[in-house]
Undergrad: 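Dropping a structure here in structure tokens format, bear with me for questions.
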Amino acid sequence: MAKKYWLFKSEPGAFSIDDLKESPGKKTFWDGVRNYQARNFIRDEMKKSDGVLFYHSNADPLAVVGYCEIVKEGYPDHTQFEKGHIHFDPKAKKENPPWFMVDIKFIDKFKNPVTLQAMKENKKLKNMRLLQRGNRLSVMPVTKEEFEEVLKMGK
DNA sequence: GCCAACGTTGGC
DNA sequence: GCCAACGTTGGC
């Protein structure tokens with residue numbers, strides 16, 4: 001199957017591209033997605049070696065700051081069962097867990113963060129899901145063309 | 001099954 | 001801090 005491309009949002013105060021880079025093996029599990037649409041992408045569509053743009057939200061600058069890849073495909077998010085954890089879900093059942101996560105691995109940090117503003121000003125990116133009104137998904141698909149364009153802008 | 005109330009996200 | 005967008009919840 002053809003490689004797919006994604007964009008993950010993260011608030012750098014919670015988890016930044018540098019946090020990922022400094023994680024053991026430059027890898028982390030992407031926990032805490034609690035939206036069904038995003039869950040479906042994680043559980044059903046993300047495949048090993050898919051490309052992931054890493055975006056900083058609620059940050060300065062607002063920008064794609066680097067990229068990474070999927071290294072482990074969808075599996076149950078353990079934090080949904082951890083009482084007291086910020087992502088604990090009292091309704092989650094072990095037999096049929098509703099929430100999933102993937103593992104991602106750092107590839108590169110951009111020399112030039114690709115700001116939200118710059119993406120808005122790039123005609124090639126006008127259909128990018130991130131730029132559509134009211135989009136609040138924390139993980140979302142991007143096309144191959146969009147992915148490559150953002151990488152080019154970041155160099 | 002409708003819909004108002006409420007909570008969250010995230011840019012500004 | 002404001003507010004638009006939109007998902008979720010719960011009464012009916």
Side-chain angles (χ1 to χ4, degrees), chain A residues 4-23 28-46 50-70 73-104 106-143 145-154:
Chain A
K4 290 198 175 85
Y5 299 89
W6 309 94
L7 181 143
F8 284 17
K9 287 183 197 167
S10 187
E11 300 197 11
F15 193 84
S16 71
I17 186 93
D18 292 319
D19 292 330
L20 176 61
K21 191 179 177 180
E22 285 154 23
S23 296
T28 193
F29 52 85
W30 202 257
D31 67 315
V33 172
R34 296 290 181 271
N35 167 286
Y36 286 103
Q37 215 182 334
R39 185 282 310 271
N40 291 345
F41 290 138
I42 289 176
R43 187 189 58 184
D44 305 333
E45 297 200 42
M46 289 182 190
D50 280 1
V52 177
L53 297 174
F54 197 105
Y55 176 78
H56 279 174
S57 66
N58 274 322
D60 188 18
L62 291 166
V64 176
V65 290
Y67 70 110
C68 34
E69 66 175 341
I70 308 277
E73 296 175 9
Y75 61 107
D77 178 345
H78 55 83
T79 65
Q80 68 192 302
F81 305 120
E82 291 169 20
K83 217 168 187 171
H85 194 283
I86 189 169
H87 295 133
F88 176 64
D89 180 352
K91 287 183 288 190
K93 303 248 187 337
K94 287 229 161 135
E95 316 83 73
N96 187 21
W99 307 120
F100 283 69
M101 58 187 180
V102 292
D103 289 358
I104 57 172
F106 175 88
I107 297 178
D108 205 6
K109 184 175 167 178
F110 290 157
K111 282 201 185 70
N112 308 301
V114 180
T115 63
L116 184 61
Q117 196 55 41
M119 289 189 280
K120 282 179 177 170
E121 286 166 3
N122 186 330
K123 285 203 179 78
K124 289 182 190 167
L125 301 177
K126 70 174 191 305
N127 294 321
M128 220 179 157
R129 201 144 168 173
L130 178 72
L131 307 181
Q132 307 309 311
R133 207 176 159 79
N135 196 333
R136 299 186 311 162
L137 279 180
S138 59
V139 311
M140 67 184 83
V142 297
T143 66
E145 291 72 25
E146 289 162 352
F147 184 86
E148 287 169 356
E149 181 65 17
V150 172
L151 251 55
K152 205 197 291 176
M153 292 166 77

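As the structure is a prediction and not an experimental result, all values here were calculated from the model. Lettering follows sequence order; numbering is per chain, from 1.
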Undergrad: Measure CG/A/Leu131 against P/B/dT9 and give the value in whole Å, please.
TA: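 Atom CG in A/Leu131 sits about 20 Å away from atom P in B/dT9.
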
Undergrad: Please test A/Phe54 against A/Trp30 for ring-ring contact (aromatic ring centres under 6.0 Å, His included), starting from the C-alpha separation and ending with a verdict.
TA: CA-CA 12 Å; A/Phe54 197 105; A/Trp30 202 257; 5.7 Å; yes

Undergrad: Of the listed nucleotides (C/dT9, B/dG11, C/dT8), which one gets closest to any side-chain atom of A/Lys91?
TA: C/dT9

Undergrad: Grab the CG-P distance between A/Asn35 and C/dC6 for me, whole Å please.
TA: 12 Å

Undergrad: B/dT9 phosphate, OP1 or OP2: any side-chain N/O from A/Lys9 under 4.0 angstrom?
TA: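 No.
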
Undergrad: Does the ring center of A/Tyr67 lie less than 6.0 Å from the ring center of A/Trp6?
TA: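 No, the ring centres sit 6.0 Å or more apart.
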
Undergrad: Would you mind reading off the distance between A/Arg129 atom CZ and B/dT9 atom P, rounded to a whole angstrom?
TA: 18 Å

Undergrad: Which whole-number value in Å describes the distance from A/Leu7 CG to B/dG10 P?
TA: 11 Å

Undergrad: Return the nearest nucleotide to the side chain of A/Ser57; candidates are B/dG11, C/dG7, B/dC12.
TA: B/dG11

Undergrad: Rounded to whole Å, please give me the gap between CG in A/Leu137 and P in C/dG7.
TA: 8 Å

Undergrad: Between A/Glu11 (CD) and B/dT8 (P), how many Å, whole number?
TA: 13 Å

Undergrad: Looking only at heavy atoms, what is the nearest atom pair of A/Leu130 and A/Asn135, with distance?
TA: N-ND2, 4.5 Å

Undergrad: Parallel, tilted or perpendicular for A/Phe29 and A/His78, by the 30°/60° rule?
TA: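 Taking A/His78 first and then A/Phe29, their aromatic rings stand perpendicular (interplane angle over 60°).
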
Undergrad: To the side chain of A/Arg136, which of B/dG11, C/dG7, C/dA4 is closest?
TA: C/dG7

Undergrad: Side-chain N or O of A/Tyr55 less than 4.0 angstrom from OP1 or OP2 on B/dG11?
TA: yes

Undergrad: Could you tell me whether the side chain of A/Glu73 and the main chain of A/Asp103 form a donor-acceptor pair under 3.5 Å?
TA: no

Undergrad: Whole-Å distance between B/dG10 P and A/Met140 CE?
TA: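 For the pair A/Met140 CE and B/dG10 P, the rounded distance is 8 Å.
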
Undergrad: By nearest atom, which of the nucleotides B/dT9, B/dC12, B/dG11 is closest to the A/Lys120 side chain?
TA: B/dC12

Undergrad: Please give, in whole Å, the distance from B/dT9 P to A/Leu116 CG?
TA: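 After rounding, the gap between these two atoms is 18 Å.
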
